[in-house]
Every structure is written in C-alpha cells, then in structure tokens.
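Notes follow once the structure below has been shown.
Chain letters run A, B, ... following the sequence lines, proteins first and then strands; every chain starts at 1.
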Number of protein chains: 2
Amino acid sequence: MAVTLKDVARIGGVHVSTVSRAFSAPHLVNPATRERVLALARDLGYRPNRAARALSTRRTGNLGVVVADIANPFFPPLVKAAQERARERDHHVFIADTDEQADVEEEAVRSLAGQVDGLVLVSPRAPEQRIRELAAQVPLVIVNRRLRGLPCVLMDVGRGVGGAVALLAGLGHRDIALVSGPAASWTGRSAARAAASAAREHGPRVHRVGPYPPTEEGGAAAFGAVAAVGATAVLAHNDLVALGLLAAARDRGVPVPGRLSVVGVDDTPAARHTRPALTTVAMPTGDAGRAAVDLLLGGAGAGTVTLGTRLVERGSTGPAPSRPAQA
Amino acid sequence: MAVTLKDVARIGGVHVSTVSRAFSAPHLVNPATRERVLALARDLGYRPNRAARALSTRRTGNLGVVVADIANPFFPPLVKAAQERARERDHHVFIADTDEQADVEEEAVRSLAGQVDGLVLVSPRAPEQRIRELAAQVPLVIVNRRLRGLPCVLMDVGRGVGGAVALLAGLGHRDIALVSGPAASWTGRSAARAAASAAREHGPRVHRVGPYPPTEEGGAAAFGAVAAVGATAVLAHNDLVALGLLAAARDRGVPVPGRLSVVGVDDTPAARHTRPALTTVAMPTGDAGRAAVDLLLGGAGAGTVTLGTRLVERGSTGPAPSRPAQA
DNA sequence: GAGTTTGTTGCAAACGTTTGCAGTCTCATC
DNA sequence: GATGAGACTGCAAACGTTTGCAACAAACTC
C-alpha cells in the first residue's frame, strides 16, 4: 500500500541504496541524482518506514513520557511542551498514564523500552532501586525527583515556598501550618526543608501536619489539624489540597484570608478561578518538559537541570488576624 | 543488547520459528516444548521487538491520539481513558498536540500513519475533504465531529443543552443568550440546534450572539452583547467562555445568579471551583476515549457512537430577576 | 500394511531500511 | 600513459520477526 524505497528506486531507475542515501547521507550521492530522487520521492508521497529504519539503525525516533495521571492538571502543560519540543526534533511521543501505581509504571517502561530512544519519567513512584534497574534498559530522564547519577530535571519548589514564608511573615503571621503529602514525594521534602529554613530566617514557627492524600479530600481532612495547631496561615502540599482547605474553611465559616491565609503549590488553572483566588507557587512545567526532552536527545549524559519557581500572589493571603491575646 | 528470539532459540535448542509460534500461535507447538520455551523466555527477560514484528505483520500495536491542545482541560480525561483502554488491549499510544493548527494536524497524521494501526482525531480542525484523504492512508476515528462514512464518536451536547434551556425556562427566564464559538465547531452547531428546539418547546426566546473565541477572553468580550439583547440567562459555548462571562459580570457588579444566570459546557474542574460554581453540561469524555479506541481496534467499521450528556446544576443559575415591567 | 491424516518442527523468504564493501568511471598527477 | 585518488553507485548482509511450505513421525483408517 504505502510507497517504499524500492518503489522509488524502481521508478527512478536507481538502486534502493541510492535512494536511502539521498535521504540519510546526501553528501554521498551525486547532486543531480539526489535532486531527481528527492523530487520523485516527494511526488510519490514516500515516507520512510520508521519501524524498518529502527530495525537497522537501532534508533526509533520515538520518545515516551510516563506520568502518574494525565488528568491531574499539573501534567498536561509538561506533556504539551515535551511533545512540541520532540516534534521540533523530529520525534514522536508515546504517552503512558500509570494511574499512580508503581507496578504499572514499571511495566510501562519495560514495554515501551524497545520502541523508544528514551523515556521521561515524571514524578516516578517506583522505588529508587527499580528505577536504576530500568535505567539500564533504556535511557531515562527523571523529572521532579532526584536520583544521583541519572539525568534529572528538578523544579526548585524551595524558592517559591521560601518566598511564601517570607510573604506570610511580612503579613504578620507567626504560626504557619505545613500540610504534607505523600512521604515519598521529593517535592514535598524540599518544600518542607525550604519552609523550615525560611522560617528560621524570618521568624514564624512552622507546624508540620499530615501526611494527607494530595487531593481535595486530603485538604478538607487536614483542616482540623491546621486549626488545632493554632496556625493563621497554611502552606498546602499542592493546589488541590489548598482547594480542599478553602472549601473546608468556607463550610465552617472561617473567612479567607481574614482569619486564615492559604498558599498552594502548582498554580493549576483552578487556582485562578476559585474565590478567593489562590496564592500559589508556580512550577515551570513547560520548561521542565522541554528540558527533559533536550536532555534525552542531547545525549548530555547525567546532567541535572534545576529550574526556579515563583510565588504568585492572589487573594487567599492577607494580614494575620489580630489575636485576642494581643488586643 | 536486548534478548531476541534467536537467543531464546539457541539456548532452548529449538528453531526461532518455534519460539515465535510459542508466543503467537501456541496451538501449533507441542505443549511441553511450549512451556519450556515460554519459561526460558521469561527467565531471559525476552520481549518481542515490536518494530520487527510490525515489519512482517503490518500491525504495529500502536495507536495515536491527535488533539488540538492537551493543556485544555477538556482533553486529558479523554486521553487518559483512551490510553487505559489501549493498554488493556496491549497497545501503546502516541500523543500529538496540534496547537489548534490544521496543517500541524495533517502533518501529524501523515507522519504517524506508518507507525500506528489507527488514529483518534479529537475535534479535528482540518477541512472535511482533507480528513477524508487522510482516512485513506490510515484508519481514523473522529471524536466530536460528524463525517459521514467515517467512524465517529459524538457527544450529544443537545441533551444537556436542552436540559439547560428547560431548567432556565422553569426558573422563569424569557430571554436566553447563546454565545457561539468557532463556526466550524460541530458541537457548537448542535448546541444551537438543541437550544432552538428546546426553546420552541418551553417558551423562552434564544438570542444568538457571536461568534467569539472559545476562551475566557472571548467570554469577557461577549458580555456586552449578552447584556444588549436583554438576556437574563446565557448559554456559553464552553466553560472557559462561561468563566470569562462570570469574571466580566463580577467586574461590572452584575450579581450571578441574581441578575444573570450562566451555563457552561464541558464541566472542566474550574467549573467546580469558581464562585458561584458553574452550572454546566458535562461531557462523557472518558467514555468517548474508550469508545474511540474500541471502534479503532474492534474493526467495527464505520459505525457511529453517540454518547449522552447531562446537565450539572450548580450555583450560577437561579430564578429570573423580576423585571420592572412586570412589577 | 498401504494410505491418509494429524501434530510438530525446521527452512527460508519476506517485511523496509541502512551500511560496509567493492566495483566502475573520471580526472588529475607525474 | 600508467597510477592513484576521488566520486558515485550497486551489491548484499543485517536488523528481529512472522509465516507458507515442506519434512518427518506417529497415529489412525479400511
């Protein structure tokens, strides 16, 4: 059905290898022949068969992106940017959604391994040792988790979180709750570290509560604990948790930011639309996607790229309530 | 590097064709040999090379999903469901983001064609004639657009929109604005048809305004026209447009739903989080993704699947304001 | 017990490319 | 005018599978 090298060769009166070279080693064929062949190929609508090419070159021209949950608004901008960059570099992109399950993740990597030149693992859930085993099968770039010796793209949530603590301190908050997510989360750990260090610098106390699931339900569930530690501001593990906290506050008649300031992480679209709009730490997800693809295709080795984050101030943060004790 | 059929055959003391058959035509090999070979293959970690298999069978085990913009919250649930279903059926999924450009879309289809068993085109932008040409190259399933003779998956926005008109009529609204999106949109056209027909049945007038871009900015821009036609309720082309209308209403001090009721289409996450929460028509995007994959792999031919939609009532709709003329 | 079926296996070609090698031709060089 | 170099092209093997065909043995059929 499809036009092959052989067809072009036959019609053009040359050998298949000449046609092949016209595409992949142009300097090895007579300019006149090359033009003739290329023109003919164009007219016939010839497209190289990538599977066949892969067989002989062991390079597929494909990439894969493995994410925990595409429906989570954090991922699509990353996938989009990665796909776009891959296209610029003439590669196609497989997508695999693991549904947050480590074993599905591993199986996805193994089954994709033979069909790609490399994989981008975003926030992988599998244990470190497993990931290292997988990295021996197929080139890997890890996003959002640090693994020594493997190429990683990290988003330094620390900067943004530190900024948030500074902002809150400036607004007079003395007690900040930090709602943590899954213990395995690299982002969560570095956020906690950054919060602690910024707190030392600026004065307020940071009360860690949790872990809670990184969902709205988790946020709602965390509200009680946040109130219990006497916090006037809360740093949520991510935007979803922050939204859950906002909903819980609304339900209980606690005004935001009047009585409680809330800060999220991720800057998902919902952060802009909820009321009050959510102050949050924006992650450079698009940059991360592009950087991951460049790392994979650039063959730059094990380099680690660290990208900055920034605080986006919206309506969910405000001056600390004057406390009765102070009045 | 990777283990091949040949390796398994050599170590197992049988011919490659026997190993091949142990996998793809088990009934043709002696049960004892088969078990032995399969066990050996497992131990060696053998994985069939899909590219090589594709070369000889002309079936790749891959699918592609082509979307206009993955970052648009409408698409990820569809992609997720499609990917999941494809995995169940042992297929991998390519993703292509066309950035809303018809020519990128076409190029994506052409360049993916050789590497997949079929493609799912979601809300394709290319002209009908082009799509038909592409369908001759590679099996296509179209989602969200009707093309006679091609397998399509449609989400019958009509049901939901009709429900919205009925709801509004029941709340006493007599003048409903319909903010339309791109003229080429099949969804938009059927929404308009359904609104008109429901209006005839339930009484209110429908005033069509637009077209406006299907974005928040578009919604904000449409506000003036909506007010100008004297509408007390508005059906937006999609949730983004509805959010833009909500923002514009807020800016102008028009209370929602007190003075204006707003209905969106898509039920994106932001619809739940904005205040007032948005009444909207929920699309069965997950079902659509699964149906598209089933259509592609089931070889069911040109069947068209139509899925229902339902109205999700939230806070942005309420009783029509009592008008001075009536008082 | 000759002929036929059935079950199991091996052989080899084919799928569409790439690429090392060798052949041919042209042209400059001494 | 032989020699060598360089440019171009063809040949054929290789990549890892699948699959039609043939070979063979064992088990039936009458």
For salt bridge (charged side-chain N to carboxylate O under 4.0 Å, His left out), just list the numbers for B:Asp90 and B:Arg50, CA-CA rounded to whole Å, side-chain angles, deciding distance to a tenth of an Å, and then say yes or no. CA-CA 12 Å; B:Asp90 196 28; B:Arg50 295 191 153 212; 3.1 Å; yes

Verify side-chain contact (heavy atoms from CB on, under 4.5 Å) between A:Asp287 and A:Thr285, making sure each step is shown before the conclusion. CA-CA 5 Å; A:Asp287 293 341; A:Thr285 47; over 6 Å; no

Any chance you could lay out the side-chain contact (heavy atoms from CB on, under 4.5 Å) test for A:Phe23 and A:Leu38, step after step, and finish with the verdict? CA-CA 8 Å; A:Phe23 284 97; A:Leu38 291 181; 3.8 Å; yes

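Scanning residues 3-15 of chain A for heavy-atom distances under 4.0 Å to DNA chain D yields A:Val14, A:His15. In the region residues 36-50 of chain B, proximity to DNA chain D at under 4.0 angstrom, judged on heavy atoms, holds for B:Tyr46, B:Arg47, B:Pro48, B:Asn49.
The local environment of CZ in A:Arg59 is sparse, with at most 12 non-hydrogen atoms from other residues, nucleotides or ligands closer than 6.0 Å. Counting heavy atoms of neighbouring residues, nucleotides and ligands inside a 6.0 Å radius, atom CZ of A:Arg130 does not exceed 12 of them.
Inter-residue side-chain proximity for B:Tyr46 and B:Asp7 is flagged as unmet; no heavy-atom pair is nearer than 4.5 Å. Looking at heavy atoms from C-beta onward, B:Leu112 lies in side-chain contact with B:Leu119 at the 4.5 angstrom threshold. With a 4.5 Å cut-off on side-chain heavy atoms, A:Thr60 and A:His92 do not count as touching. Looking only at side-chain heavy atoms (C-beta outward), B:Leu63 and B:Val116 stay at 4.5 Å or farther from each other. Between A:Glu133 and A:Gln137, the closest side-chain pair of non-hydrogen atoms is not below 4.5 Å.
A close approach under 4.0 Å does occur between a side-chain nitrogen or oxygen of A:Arg58 and OP1 or OP2 of D:dG16. Note on A:Ser20: a side-chain N or O is less than 4.0 Å away from OP1 or OP2 of C:dT18.
For the helix from C:dG1-D:dC30 to C:dC30-D:dG1, the terminal axes (five pairs an end, C1' atoms, rotation from four pairs onto the next four) enclose an angle of 50°, given to 10 degrees.
The distance between atom CZ of A:Phe23 and atom P of C:dT18, rounded to the nearest whole Å, is 9 Å. Rounding to whole angstrom units, CD of residue A:Gln115 and P of D:dG16 are separated by 15 Å. Protein atom CZ of A:Arg21 is 7 Å distant from nucleotide atom C1' of D:dT9, rounded to whole Å. As rounded to whole Å, 14 Å separates atom P of D:dC15 from atom CG of B:Leu55. Note: CG (A:Asn30) to P (C:dC25) measures 16 Å, nearest angstrom.
Taking the side chain of A:Thr57 as heavy atoms from C-beta on, and the options D:dC11, C:dG16, C:dT18, the nearest nucleotide is C:dT18. For B:Val29, counting side-chain heavy atoms from C-beta on, the closest listed nucleotide (C:dT9, D:dC8, C:dC21) is C:dT9. Distances were taken from every side-chain heavy atom of B:Arg53 (C-beta onward) to each of D:dT17, C:dT9, D:dT9; the shortest belongs to D:dT17.
Closest-nucleotide positions on DNA chain D for A:His27 and B:Ser56 were compared, and the one nearer the 5' end corresponds to A:His27. Summary of the strand contacts: B:Thr33 and A:Ala2 both lie near DNA chain C, and taking for each the nucleotide with the nearest heavy atom, the more 5' one is attributed to B:Thr33. Mapped onto DNA chain C by nearest heavy atom, B:Leu28 and A:Thr18 fall at different nucleotides, with B:Leu28 at the one closer to the 5' end.
Although no hydrogens or angles enter the test, the distance criterion places a donor-acceptor pair under 3.5 Å between the side chain of B:Arg125 and the main chain of B:Ser123.
With A:Leu307 as the partner, the side chain to side chain contact (heavy atoms under 4.5 Å, CB included) test is satisfied by one option alone out of A:Leu154, A:Val153, A:Asp156: A:Val153.
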